[in-house]
Undergrad: 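Sharing a structure with you now.
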Amino acid sequence: RSAIDSSLFQQWLKNLNSEKGALVDGSLSLNKVIIQGVDYFGKRVGFLKFKADILDKEIGQKVPGIVFARGPAVAILILLESEGETYAVLTEQVRVPTGRFVLELPAGMLDDDQGDFVGTAVREVEEETGINLKVEDMVELTSFLDPSTGRKVFPSPGGCDEELSFFLYQGKVAKETIQELRGKKTGLQDHGELIKVHVVPYQQLWRATADAKVLMAIALYEMAKRENLLPKS
């Protein structure tokens, strides 16, 4: 019952029946849902795996309906200018599903149902890099998307409900700060986070990692910059 009552499942139901939801025009019907797996973070449902039996009425066939639900998350592009060069701050940690260590943007899931995206972004940066930021310093890059998108990014909509909000922080630092960040070990070890910080010249960022969040953040940042949407520093 906790799976059905969880915010993950209730949000999925809400999305189905929203203005752009799959069930709104009546061409599809939801017949049943089979809960296949639940992972808890303490007492809270953290991950949910289920199969939705959804029928396309016109052709009389079921549409693919396997769902891995993990909910909303944030990712942060940190750009630090030092002595005329701009650097991006990345984290490296083991990502078991890939079987590899992955170099990626600081990122994290929302810890509650309150929707505090910017607060989560600031907290994740501090936990993963040790950099202390202020909420007012963050620029939400996904806020520049068309309203029809929900101003979120779906990295893998064919199998996962995860929706990402992207934030930008830009600052100027001394060269010593860049050196101190390189190789710094951070993360919440009691949560299994063993993280190493990397600092990469921004011009090399797009080819430095296979992390999709990095490439999406670069695209959002460059387009926002081209259209003069970013606040003046």
Side-chain angles (χ1 to χ4, degrees), residues 72-95 98 100-111 116-145 151 153 155 164-233:
V74 299
I76 309 95
L77 176 62
I78 303 172
L79 298 180
L80 302 178
E81 183 182 337
S82 181
E83 297 184 358
E85 184 160 12
T86 300
Y87 299 87
V89 179
L90 302 178
T91 62
E92 182 186 26
Q93 58 185 310
V94 65
R95 291 305 196 184
T98 71
R100 304 177 182 181
F101 283 87
V102 178
L103 199 60
E104 58 190 301
L105 289 186
M109 300 167 58
L110 261 66
D111 292 333
D116 183 14
F117 290 90
V118 65
T120 299
V122 169
R123 185 168 61 253
E124 289 296 332
V125 168
E126 184 172 357
E127 290 176 359
E128 296 193 1
T129 71
I131 299 174
N132 296 307
L133 304 180
K134 297 179 180 178
V135 169
E136 57 266 27
D137 294 331
M138 307 291 277
V139 177
E140 186 178 353
L141 292 172
T142 35
S143 70
F144 302 129
L145 294 174
R151 295 193 168 104
V153 175
L164 287 169
S165 296
F166 281 86
F167 290 86
L168 167 71
Y169 170 80
Q170 293 178 286
K172 294 183 179 181
V173 299
K175 197 71 172 181
E176 291 75 20
T177 301
I178 300 296
Q179 297 299 335
E180 290 170 2
L181 284 171
R182 284 197 169 109
K184 185 176 182 179
K185 295 182 178 180
T186 63
L188 300 177
Q189 295 191 11
D190 56 341
H191 288 191
E193 291 183 344
L194 303 173
I195 296 172
K196 182 187 289 187
V197 178
H198 290 254
V199 182
V200 178
Y202 177 70
Q203 293 302 320
Q204 300 174 19
L205 180 62
W206 71 275
R207 64 175 72 206
T209 171
D211 178 33
K213 298 186 299 297
V214 167
L215 301 177
M216 288 187 280
I218 291 173
L220 289 167
Y221 170 67
E222 290 294 338
M223 293 304 293
K225 185 169 65 171
R226 190 179 79 175
E227 298 190 16
N228 295 313
L229 298 174
L230 299 175
K232 304 297 181 183
S233 56

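From a predicted model like this one, the values you see are computed outputs, not experimental measurements. Quick note: numbers below take in every heavy atom, side chains included, and nothing from hydrogens, waters or symmetry partners.
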Undergrad: I want to check something: taking the side chain as every heavy atom from C-beta on, are Leu105 and Asp211 in contact at a cut-off of under 4.5 Å?
TA: yes
Undergrad: With a 4.5 Å heavy-atom cut-off, do Gln179 and Glu176 have their side chains touching?
TA: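 The answer is no, as the side chains (C-beta and beyond) never meet within the 4.5 Å cut-off.
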Undergrad: Return the set of residues passing side-chain contact (heavy atoms from CB on, under 4.5 Å) with Ala121 (not counting sequence neighbours), or none when no residue passes.
TA: Val74, Ile76, Met138, Phe167
Undergrad: Just wondering, do Val214 and Trp206 contact through their side chains at under 4.5 Å, heavy atoms?
TA: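 No. Closest side-chain heavy atoms not under 4.5 Å.
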Undergrad: Phe166 versus Met216: any side-chain heavy-atom pair under 4.5 Å?
TA: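 Sidechains of Met216 and Phe166: in contact.
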Undergrad: In chain order, what residues pass the side-chain hydrogen bond (donor to acceptor under 3.5 Å, both in side chains) check against Glu104, with sequence neighbours excluded?
TA: Arg95, Lys213
Undergrad: When rounded to the nearest 0.5 angstrom, what distance separates CG in Leu103 from OG1 in Thr91?
TA: 7.0 Å
Undergrad: Pairs under 3.5 angstrom only: tabulate donor-acceptor contacts from the side chains of residues 195-203 to other protein residues two or more places apart or in another chain.
TA:
residue: His198; atom: NE2; partner: Glu92; partner atom: OE1; Å: 2.8
residue: Tyr202; atom: OH; partner: Glu222; partner atom: OE2; Å: 2.6

Undergrad: With sequence neighbours excluded, what pairs up with Thr120 under the side-chain hydrogen bond (donor to acceptor under 3.5 Å, both in side chains) test?
TA: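 Per chain and number, Thr120 pairs via side-chain hydrogen bond (donor to acceptor under 3.5 Å, both in side chains) with Arg123.
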Undergrad: Drop me the distance from Leu168's CG to Leu230's CG, to the nearest 0.5 angstrom.
TA: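 So the CG of Leu168 and the CG of Leu230 are separated by 6.0 Å.
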Undergrad: Mind checking the CG-CG spacing from Leu141 to Leu77? Nearest 0.5 Å is all I need.
TA: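 Going from CG on Leu141 over to CG on Leu77, the span is 6.5 Å.
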Undergrad: Applying side-chain hydrogen bond (donor to acceptor under 3.5 Å, both in side chains), can you list everything that pairs with Tyr221, at least two apart in sequence or on another chain?
TA: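 Scan of Tyr221 (side-chain hydrogen bond (donor to acceptor under 3.5 Å, both in side chains), adjacent residues dropped) gives Gln170.
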Undergrad: Just so I know, are the side chains of Val153 and Leu145 near enough to count as touching, which here means a heavy-atom distance under 4.5 Å?
TA: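 With C-beta onward as the side chain, the pair touches.
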Undergrad: Hey, could you give me the OH/CG distance between Tyr169 and Leu79, rounded to the nearest 0.5 Å?
TA: 10.5 Å
Undergrad: Atom CG in Leu90, atom CG in Leu181: separation rounded to 0.5 Å?
TA: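 Answer for the CG-CG pair, Leu90 versus Leu181, is 11.0 Å.
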Undergrad: Just so I know, are the side chains of Phe144 and Val139 near enough to count as touching, which here means a heavy-atom distance under 4.5 Å?
TA: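 Answer yes - side chains close enough.
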Undergrad: Check side-chain hydrogen bond (donor to acceptor under 3.5 Å, both in side chains) between Glu180 and all other residues, then give those that pass, not counting sequence neighbours.
TA: none
Undergrad: Can you list the residues that meet the side-chain contact (heavy atoms from CB on, under 4.5 Å) rule with Glu83, with sequence neighbours excluded?
TA: Lys175
